[in-house]
Colleague: 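Here you go, one structure.
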Amino acid sequence: MPILDTVLLLTGILVFIGVLSSKISARIGVPSLVLFMGVGLLAGEEGLGGIAFENYKIAYAVGSIALAMILFDGGLRTSVQDVRRAWKPAAVLATGGVLATAGITGAAAHWIMGLTWQQSFLLGAIISSTDAAAVFSILRGKGVALTDRLRAMLEIESGSNDPMAVFLTVAAIEIILGKLEIGLGMSVFFFQQMVVGAIIGVAIGWVGATVINRINLDAAGLYPVLAGVIGMISFGLTAKLGGSGFLAIYFTGIVIGNKDVVFERGIFLFHDGIAWTAQIIMFTLLGILSSPSSLITVAPQGLAISFVLIFVARPLVVFTMVPWFGFNFRELVFVSWVGLKGAVPIILAVYPLLFDIPNAGQVFNVVFFVVLVSALLQGWSLPVVARWLGLQQDAKPEAPASLEITALRHLNAEIVNYAIGVHSTAFGYKLRELPLPEGVLVAMITRGNKIVPPTGGTTLLDGDHAFIVLQHDYRPLVDRLFVDTSTNPHPLPQLVDYVFKARIELDQLSYFYDIELENGASKTLADLAHSKLGENVEIGDWTDVGPWILVVRELEEGILAKVVLNRGYIEQIKKSGTG
């Protein structure tokens, strides 16, 4: 099978060069997607590789699969907190913003390129969305540290606006072919794509997370594969039912990524590698599909449309639609500059070629040129613009080591990596000074590139990473010890038994956890229990202490050793016997 051997060899060489170019990208400041496409252009028919490739169906299929995997990985890394804090402005930009960008750019294309109005709007639709792969790789890979809300808005917008661009592109082609009418038909098509995609994506994500936790596979390496398969099912089923597969797989990733799933870190690492591989293959293949001579031919039109898109359409959309959500002027300027284009427009530019739309070749080359300009100009300058606008935050140091519970059976426990900062409640304290609940263990501390064995005398410093083993229900409580005090702490669950050593002082509970108990003459939990229950206490004795209920959990040689604090109803304590 010499042809297969040749294909595998060339693919391996191109991906290898792509991996090396990612290292070069970090050093010279050029977005990796530009270098990947550059590798493709060099490997193409007019480049050093001399590879002749014009199969648009294969390019479309490979690009769609790669984009789906990139969106799934992006969803896995998008927290529910990010969605809550930024979904409104992101949704506006991902829908109305994409439509407005398509209209403005399409009008410019009609005047610049002399296309018909329908063909011009098609070009505008193709290039209207902010690319998820470009935004994720640059914001997460180049150390552009922004405020949580601004970063979340940009990432969620880029991850959720592709379905709108796909919808507008398909609708424009259907209109040109006379298969769809402007008006009711487009509205029904739009809602079908979005609603079906959202519902199925969330539903399969929830079911998928449950399956991952309960299937109990013998091989740990199959869990990342299972997660990816669930994403593929979400994409394929949604597309079969007439919804947006891209939106569905992104939502499925968000749901799974925010559930406590078995072998979570392995799933994340595996799909991070898959996403990078998908980017390399996708951008390289799209680079092979074009040629330097065709790009030079459309350079004047491409530059003009790039100018309109970057300096007119995107800023106009942002400053019209986003100010109502509380962003300041500097943030609006930055959002205007992060209208990055990437693989999605080039993949969508294949659509007109598949359907033999007039001027499809010219549209493809112009789109490719605009993407290169956007990636070079906007992608390269993002860190500079962020610093110039005063939006660059101190990047949170990453831990040089990690821990994970790798038992295949789902445990009611997790290992949390807390980054210690000067605003962390536990900052500056020795471990023995922290009133940790029973069952909460400091497993490892990293400081710089060193591992610090945790002992009672270990002091938590700025920049440390503390790896804490805890049961899931304790997470909101332990968060109050280690997270930034400027953030709003999660409310404590109502019916969780928080077990503490009886010698812990009440002032410590008040300071570290904001747990206010009746003080009086009592200094410790033991003093409080005896003042309420008398000197002779037995396991299971309980009493009200303000909004909490204190239950005697354990005695050691007749001395009170452990108590339970529960914020639930007295009836719950009665039913449970000993609490």
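What you are looking at is a predicted structure, and each value in this text was computed from that prediction instead of being measured.
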Colleague: Please check: side-chain N/O of His271 versus main-chain N/O of Asp73, any donor-acceptor pairing under 3.5 Å?
Modeller: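 Answer holds: no.
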Colleague: Could you list the residues that satisfy side chain to side chain donor-acceptor pair (under 3.5 Å) with Ser374, not counting sequence neighbours?
Modeller: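 Scan of Ser374 (side chain to side chain donor-acceptor pair (under 3.5 Å), adjacent residues dropped) gives Gln378.
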Colleague: Would you name the heavy atoms of Thr130 and Gly339 that are closest together and state the gap between them?
Modeller: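 It is OG1-CA, 3.9 Å.
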Colleague: Could you walk me through whether Phe235 and Phe72 pass the ring-ring contact (aromatic ring centres under 6.0 Å, His included) test, one step at a time?
Modeller: CA-CA 10 Å; Phe235 182 95; Phe72 184 66; over 10 Å; no
Colleague: Just do the ring-ring contact (aromatic ring centres under 6.0 Å, His included) check on Phe319 and Phe329 with the steps written out, would you?
Modeller: CA-CA 9 Å; Phe319 276 88; Phe329 178 79; 5.7 Å; yes
Colleague: Residues in side chain to side chain donor-acceptor pair (under 3.5 Å) with Thr252, at least two apart?
Modeller: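 Side chain to side chain donor-acceptor pair (under 3.5 Å) list for Thr252, sorted by chain: Ser234.
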Colleague: Can you check whether Val384's main-chain N or O pairs, donor with acceptor, with Ser381's side chain at less than 3.5 Å?
Modeller: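 Not a single qualifying donor-acceptor pair exists.
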Colleague: Tell me whether Lys341 contacts the main-chain N or O of Ser129 through its side chain, where contact means a donor paired with an acceptor under 3.5 Å.
Modeller: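 The answer is yes, because a donor-acceptor pair under 3.5 Å joins these two groups.
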Colleague: Could you give the distance from CD1 (Ile70) to CH2 (Trp276), rounded to the nearest 0.5 Å?
Modeller: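 Going from the CD1 atom of Ile70 to the CH2 atom of Trp276 covers 10.0 Å.
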Colleague: State, to 0.1 Å, how close Leu241 and Gln192 come at their nearest heavy-atom pair, and which atoms those are.
Modeller: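 That would be O-NE2, 3.7 Å.
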Colleague: Verify the neighbour count for atom CZ of Phe270: are there more than 12 heavy atoms of other residues, nucleotides or ligands below 6.0 Å?
Modeller: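 Result for CZ/Phe270: enclosed.
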Colleague: Mind checking the CZ-CG spacing from Phe311 to Leu309? Nearest 0.5 Å is all I need.
Modeller: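 Taking CZ in Phe311 and CG in Leu309, the distance rounds to 10.5 Å.
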Colleague: Given side chains that start at C-beta, do those of Ile173 and Ile357 come closer than 4.5 Å, heavy atoms only?
Modeller: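 The answer is yes; the side chains approach within 4.5 Å.
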Colleague: Are the side chain of Gln301 and the backbone N or O of Ile112 linked by a donor-acceptor pair below 3.5 Å?
Modeller: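 No.
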Colleague: Which distance, rounded to the nearest 0.5 Å, do you find between the OG of Ser336 and the CD of Glu331?
Modeller: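 The distance works out to 11.5 Å.
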Colleague: Looking at CG of Leu123 and CG of Leu348, how far apart are the two atoms once the value is rounded to the nearest 0.5 Å?
Modeller: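 CG of Leu348 is found 11.0 Å from CG of Leu123.
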Colleague: Per the salt bridge (charged side-chain N to carboxylate O under 4.0 Å, His left out) rule, what does the pair list look like for residues 303-323, sequence neighbours excluded?
Modeller: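 Applying salt bridge (charged side-chain N to carboxylate O under 4.0 Å, His left out) to every pair that reaches into residues 303-323, excluding sequence neighbours, yields Glu157-Arg314.
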Colleague: Determine whether a donor-acceptor pair (N or O, by modelled atom type, separation under 3.5 Å) exists between the side chain of Ser158 and the backbone of Glu155.
Modeller: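 Pair found, side chain donor or acceptor close to backbone of Glu155.
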Colleague: Apply the side chain to side chain contact (heavy atoms under 4.5 Å, CB included) test between Val370 and each candidate in Ile305, Leu303, Thr105, Ile310; give the one that qualifies.
Modeller: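 Testing Val370 for a side chain to side chain contact (heavy atoms under 4.5 Å, CB included) against Ile305, Leu303, Thr105, Ile310 leaves exactly one candidate, Ile305.
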Colleague: What is the distance from atom CH2 of Trp87 to atom CE of Met153, rounded to the nearest 0.5 Å?
Modeller: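 Here the interatomic distance stands at 14.0 Å.
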Colleague: Among Thr169, Thr116, Leu168, which one satisfies side chain to side chain contact (heavy atoms under 4.5 Å, CB included) with Phe121?
Modeller: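 Going through Thr169, Thr116, Leu168 one by one, the side chain to side chain contact (heavy atoms under 4.5 Å, CB included) with Phe121 is satisfied by Leu168 alone.
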Colleague: Does the side chain of Leu150 reach to within under 4.5 Å of the side chain of Leu391, using non-hydrogen atoms?
Modeller: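 With C-beta onward as the side chain, the pair touches.
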Colleague: Could you measure the distance from the OH atom of Tyr250 to the CG atom of Leu67? Nearest 0.5 Å is fine.
Modeller: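 Reported value, rounded in 0.5 Å steps: 12.0 Å.
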